[in-house]
Amino acid sequence: MPELPEVETIAADLRPHLVGRTVVRCELLFPTIVRHPEPELFIDSVVGMRISSVGRRGKYILIRLVDDLMLVVHLGMSGQLRLVEPSTPLATHTHATLNLDDGMQLRYRDPRRFGRLLLGTEAALLDSKAMPPLGPEPIDPGFGADDMYQRFRRRKAKLKAILLDQSTIAGVGNIYADESLHRARLRPDRIAGSLSKKSVRRLHESLRESLLVAIQNRGSSVDTYRDAWGEFGGQQERLLVYGRAGEPCFTCGRPLSLVRIAGRSSVFCRRCQR
DNA sequence: TTAAATTCCTGTAAGC
DNA sequence: TGCTTACAGGAATTTA
């Protein structure tokens with residue numbers, strides 16, 4: 001499922017092909033995938049707009065248009081954003097298409113429909129609660145271990161739950177939460193507020209490392225993730241614990257444990273992670 | 001205020 | 001072989 005590294009890969013792939021392009025046509029095959037504003041207004045507003053930049057915030061892809069307007073894409077569990085020739089056969093569960101002035105077509109496909117499309121100024125999207133306030137970017141050099149320590153202090157929830165909380169840190173999902181906790185040798189059920197500064201520093205570094213390596217490898221194609229060209233990522237073969245419950249820990253050889261925390265499966269090594 | 005549980009949704013895989 | 005059932009999870013919403 002798409003988390004920060006996967007979303008970053010797609011945004012970076014699309015950027016050189018989208019910036020400077022104008023949207024000439026928009027079709028919503030499943031209008032309820034648009035959560036803001038009303039689908040008709042969404043279409044009216046996006047058509048004719050020129051794309052000025054493509055960015056990412058947490059797990060959101062931000063396609064900036066003129067006049068501070070943003071087309072925001074959240075891929076949810078199974079969302080895919082692809083740039084194709086319009087003659088390409090339409091895949092099942094394609095919910096929206098955007099034609100560009102260079103003849104290409106941007107398509108949004110999402111079998112499980114947990115994803116969504118938004119359009120508006122940043123302020124309007126925040127005000128309408130269409131987009132929630134997000135915590136800092138974990139790979140931003142300005143986000144240090146001390147910041148993380150302050151955010152974890154006094155929190156009584158388990159580490160795994162805190163890492164998944166987008167308002168505490170943006171962009172981390174189940175894959176990279178498990179991966180970074182393993183690298184940091186911390187149990188996912190540790191109470192976040194109980195960590196020493198030293199442990200938080202280790203987790204901070206591990207999280208950055210997990211995410212940056214995954215970006216280098218173009219993300220993890222577990223489940224349905226594909227990049228903007230429909231290609232697989234490379235990180236799924238290099239994951240240390242995610243999806244490996246029962247298999248031997250690469251460090252100590254002990255079978256990896258599976259527990260449920262905050263309704264999510266969590267894989268970890270009982271020997272290496274204390 | 002915070003944390004945990006529930007809900008949405010469909011493809012996939014396990015089990016009978 | 002073919003059907004049923006459980007499971008996967010991001011985040012909004014509800015409950016405690």
Side-chain angles (χ1 to χ4, degrees), chain A residues 1-8 10-11 29-36 56-62 72-81 91-96 108-118 125-135 137-138 150-181 188-195 211 214 219-226 230 232-233 235-236 239 241-247 256 258-268:
Chain A
M1 57 271 9
E3 303 181 22
L4 189 156
E6 290 75 31
V7 176
E8 179 67 29
I10 291 174
L29 300 102
F30 183 78
T32 51
I33 207 72
V34 173
R35 302 300 173 84
H36 185 91
R56 178 194 60 77
R57 179 77 173 95
K59 298 174 195 170
Y60 293 82
I61 296 169
L62 310 178
V72 180
V73 182
H74 193 296
L75 301 171
M77 286 285 299
S78 57
Q80 298 175 343
L81 204 51
T92 55
H93 309 293
T94 300
H95 304 315
Y108 182 71
R109 169 175 191 262
D110 187 4
R112 268 171 266 186
R113 309 206 306 245
F114 275 21
R116 54 194 158 279
L117 305 183
L118 312 168
L125 291 175
L126 287 169
D127 284 349
S128 66
K129 312 266 169 109
M131 212 178 151
L134 298 172
E137 291 291 328
Q150 291 304 325
R151 285 175 176 271
F152 279 36
R153 285 182 66 186
R154 288 192 271 274
R155 297 293 295 270
K156 293 188 168 62
K158 293 166 181 171
L159 275 179
K160 178 63 178 281
I162 296 290
L163 284 172
L164 294 176
D165 176 6
Q166 303 300 298
S167 66
T168 302
I169 297 173
V172 183
N174 214 22
I175 299 172
Y176 301 105
D178 277 7
E179 293 296 295
S180 59
L181 286 168
D189 55 359
R190 264 288 287 277
I191 300 301
S194 77
L195 291 194
L211 295 170
S220 301
S221 284
V222 298
D223 208 0
T224 58
Y225 171 74
R226 300 291 184 277
F232 287 75
Q235 186 63 27
Q236 64 281 0
L239 296 176
V241 289
Y242 180 86
R244 298 190 60 247
E247 295 175 40
L256 294 171
L258 177 67
V259 293
R260 279 193 91 74
I261 298 170
R264 308 272 170 260
S265 62
S266 302
V267 183
F268 73 106

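Values reported hereafter were calculated over all heavy atoms of this structure, with side chains retained and with hydrogens, waters and symmetry mates removed. Reminder, nothing fancy here: chain letters follow the sequence lines and each chain counts from 1.
Counting to the nearest Å, the P atom of B/dC9 and the CG atom of A/Leu75 are 18 Å from each other. To the nearest angstrom, P of B/dG11 lies 13 Å from CZ of A/Phe114. Following rounding to the nearest Å, A/Phe30 (CZ) and B/dT10 (C1') show an atom-to-atom distance of 12 Å. Atom CD1 of A/Ile33 and atom P of B/dC9 are 10 Å apart (whole Å). We find that CD1 of A/Ile175 is positioned 8 Å from P of C/dG10, with the value rounded to whole Å. Protein atom OH of A/Tyr225 is 19 Å distant from nucleotide atom P of B/dT12, rounded to whole Å. Atom CZ in A/Arg113 sits roughly 17 Å away from atom C1' in C/dA8 (whole-Å rounding). Look at CG on A/Asp110: it is 13 Å from P on C/dG10, rounded to the nearest Å.
Contact annotation: A/Tyr242 reaches the phosphate of C/dG9 (side-chain N/O to OP1 or OP2, under 4.0 Å). In this model, the phosphate group of C/dG9 is not approached by any side-chain N or O of A/Ser78 to a distance below 4.0 Å at OP1 or OP2. Look at A/His93 and you'll find a side-chain N or O under 4.0 angstrom from OP1 or OP2 of B/dG11.
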Check nucleotides 11-15 of chain C against the protein and report each pair of N or O atoms closer than 3.5 Å, with its distance, or say if there are none.
from	atom 1	to	atom 2	distance (Å)
C/dA11	OP1	A/His74	NE2	2.4
C/dA11	OP2	A/Lys59	NZ	3.0
C/dA11	OP2	A/Gln166	NE2	3.4
C/dA11	N7	A/Arg264	NH2	3.1
C/dA11	N6	A/Arg264	NH2	2.9

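Taking CD1 from A/Ile10 and CG from A/Leu75, the interatomic distance works out to 5.0 Å, rounded to the nearest 0.5 Å.
If you check every strand for non-hydrogen atoms under 4.0 Å, A/Arg35 touches nothing. A/Ala262 comes within 4.0 angstrom of nothing in the nucleic acid, heavy atoms only.
Under the salt bridge (charged side-chain N to carboxylate O under 4.0 Å, His left out) criterion, A/Glu8 pairs with A/Arg56, sequence neighbours left out.
A salt bridge links A/Asp165 with A/Arg155: the closest approach of a Lys/Arg side-chain nitrogen to an acidic carboxylate oxygen falls below 4.0 angstrom. Here A/Lys59 does not pair with A/Glu3 in a salt bridge; the nearest charged N to carboxylate O distance is not below 4.0 Å.
The closest side-chain heavy-atom distance from A/Phe268 to A/Val259 is below 4.5 Å.
Looking at which nucleotide of DNA chain B each of A/Ala161 and A/Arg112 is closest to, the 5′-most match is held by A/Ala161.
Looking at the side chain of A/Ile162, the nearest of the listed nucleotides B/dA3, C/dG10, B/dT10 is B/dA3.
Checked against A/Lys160 for a side chain to side chain contact (heavy atoms under 4.5 Å, CB included), the options A/Leu163, A/Ile162, A/Leu164 give a single hit: A/Leu164.
Ring-plane geometry between A/His74 and A/Tyr60 is classed as perpendicular, the angle between the planes exceeding 60 degrees on a 0 to 90 degree scale with a lower cut at 30.
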